[in-house]
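Reading through the structure tokens given below for one structure.
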There are 2 protein chains.
Amino acid sequence: MTTDSPAGQSPSRSKRADAQRNRQTVLAAAAEVFVTSGVDAPIRQIAARAGVGMATIYRHFPTRADLVTAVYRHQIEACAEAGPNLLASADSPLDALRQWIDLFVDFLVTKHGLADALQSDHDRFAALHAYFLDRLLPVCAQLLDAAVEVGDIRPGTQPYELMRGIGNLCIGRDNDPRYEPRRLIALLLQGLHRPHSA
Amino acid sequence: MTTDSPAGQSPSRSKRADAQRNRQTVLAAAAEVFVTSGVDAPIRQIAARAGVGMATIYRHFPTRADLVTAVYRHQIEACAEAGPNLLASADSPLDALRQWIDLFVDFLVTKHGLADALQSDHDRFAALHAYFLDRLLPVCAQLLDAAVEVGDIRPGTQPYELMRGIGNLCIGRDNDPRYEPRRLIALLLQGLHRPHSA
DNA sequence: AACTGAAGCGGAGCGCTGTTCCGTTTAGTA
DNA sequence: TACTAAACGGAACAGCGCTCCGCTTCAGTT
């Protein structure tokens, strides 16, 4: 990929050095705050942590989605890039899909409130939602197609619906032993599955 | 059931007539506002619609969850009571479960933002969450058990997990043609299903 | 019917958010 | 060093939840 194309992120398009420094400072602070207070943490808190004014954050990241996107960009990329690799290394396309979904779920559940924000605060996080889709949807589609191709799963499932469903299942308070998203996702995949002899 | 036991609701425990009248006025106003602005509508808006002060609402419904619970109480009850009936009238326990889930989903998706609130704003809506569980979990468990009993579905699925999963799948902007919760829920049930010959 | 205590009421007020605006500071250039 | 435009900080405004308190109205009593 190029150093940057969608939403503003790389250190490229900026003249002054202090601005770039501040950008990094804010990113680091946001990453820390997100861990403890979730992606809905008050801007003031992030600004304080970074030692900058609020306007500085808004200047670099006009919407909250831009900030969140920038913070998690690398991990989303990694997830996207893992798709093809898994397809090559796994025993079967279905296995690759399973492992990839596992990665995706890992990412979501370790980010306090990310899944919630993605679907519940749809409007405010529209840009983030779009970025997720841009990067991950094609990967999911590729895995899905491959699994259909070899007859592992039934055709007809839309990648968008599947991804959003998985995302939705990851919503909710963490650490509730009575609710384990992976169990339901496994059930979903089970429903997708079609024995070779059918 | 008794006229009231959990959170304050019936017109019983109040001496003054105007208080009871206001309670009903607020309930009606809230119901209307919820339709257009969702269950997260500003209290001020509901108060304005009802022609009362905000404190009146807080006095009758200390938490937002209490208000939402009161507004939807009848429908939740209806859903709960439908369970046993379906079990008696449907072709099979699995069919009963399917139809009941359909009712539940109907209820959720027609209430703008209800599913979102239930899981995302878990803390603020804790009381509502609890009420849902109290009334619907036993019903779901009964249907699930019956279906397992006759061998329609595999054992081991926890009612809580299933209900919450279904609720989660119903989260999100309505009217997105690319995402239809029922399709995924059907997939989930498919995964639960066990052919008679297994 | 008039009286009265308390139940009930309304909305101003506080605290916490997001977001903007503008006077001030600072980096880069000449 | 002087200058200019980019970048900055935080005060300020708006919208929200929730509470507090002085005022109103009901219901029972005489």
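Not measured: the values here are computed from a predicted model. Naming: A, B, ... by sequence-line order, numbering from 1 per chain.
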Got a list of side-chain donor-acceptor pairs under 3.5 Å for residues 43-56 of chain A, not counting sequence neighbours?
{"residue": "A:Gln45", "atom": "NE2", "partner": "A:Ser37", "partner atom": "OG", "Å": "3.1"}
{"residue": "A:Arg49", "atom": "NE", "partner": "A:Glu32", "partner atom": "OE1", "Å": "2.6"}
{"residue": "A:Arg49", "atom": "NH2", "partner": "A:Glu32", "partner atom": "OE1", "Å": "2.6"}

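Residue pairs that meet the ring-ring contact (aromatic ring centres under 6.0 Å, His included) test with at least one member in residues 67-99 of chain B, sequence neighbours left out, are B:Tyr72-B:Phe107.
Here B:Ala117 pairs with B:Val39, B:Phe125 under the side chain to side chain contact (heavy atoms under 4.5 Å, CB included) rule; sequence neighbours left out. Contacts of B:Pro155 classified as side chain to side chain contact (heavy atoms under 4.5 Å, CB included), with partners at least two apart in sequence or in another chain: B:Val148, B:Arg194. For B:Glu149, there are no salt bridge (Lys or Arg N to Asp or Glu O under 4.0 Å) partners at least two apart in sequence or on another chain. Not counting sequence neighbours, the partners of A:Arg173 by the salt bridge (Lys or Arg N to Asp or Glu O under 4.0 Å) test are A:Asp116. By the salt bridge (Lys or Arg N to Asp or Glu O under 4.0 Å) test, A:Arg183 pairs with B:Glu161, sequence neighbours left out. The salt bridge (Lys or Arg N to Asp or Glu O under 4.0 Å) search around A:Arg59 returns none, not counting sequence neighbours.
Residue A:His60 has no polar side-chain atom (N or O) positioned under 4.0 Å from OP1 or OP2 of D:dA7.
Side-chain atoms of B:Ser92 and B:Asp95, non-hydrogen and from C-beta on, do get closer than 4.5 Å to each other.
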*asked:* If you apply the rule side-chain hydrogen bond (donor to acceptor under 3.5 Å, both in side chains), what do you find for B:Thr63 with B:Asp66, and how did you get there?
replied: CA-CA 5 Å; B:Thr63 78; B:Asp66 293 324; 3.2 Å; yes
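The nearest whole Å value for the distance from the CZ atom in A:Arg124 to the P atom in C:dT19 is 6 Å. Rounded to whole Å, the distance from CZ on A:Phe61 to P on C:dT19 is 15 Å. With rounding to whole Å, A:Arg23 atom CZ is found 18 Å from D:dA6 atom P. Per the geometry, CG belonging to A:Asp121 stands 12 Å off C1' belonging to C:dG18, to the nearest Å. Here C:dT19 presents its C1' atom at 15 Å from CG of A:Leu67, a figure rounded to the nearest Å.
For B:Asn22, the side-chain atoms get nearest to C:dG8 when compared with the rest of D:dA7, C:dG18, C:dG8.
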Readout for nucleotides 19-30 of chain D: B = base within 4.0 Å of protein heavy atom, S = sugar-phosphate only, - = neither; 5' to 3' it is BB----BSS---
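Hydrophobic cluster membership of A:Val35, counting Ile, Leu, Val, Met, Phe, Trp and Tyr whose side-chain heavy atoms lie under 4.5 Å apart directly or via other members: none, as it forms a cluster of its own.
Remark: B:Arg44, B:Gly51, B:Val52 in residues 43-52 of chain B come within less than 4.0 Å of DNA chain C through at least one heavy atom.
Comparing the helix axis at one end of the helix from C:dA1-D:dT30 to C:dA30-D:dT1 with that at the other, each defined from 5 consecutive pairs, gives an inter-axis angle of 10° (nearest 10°).
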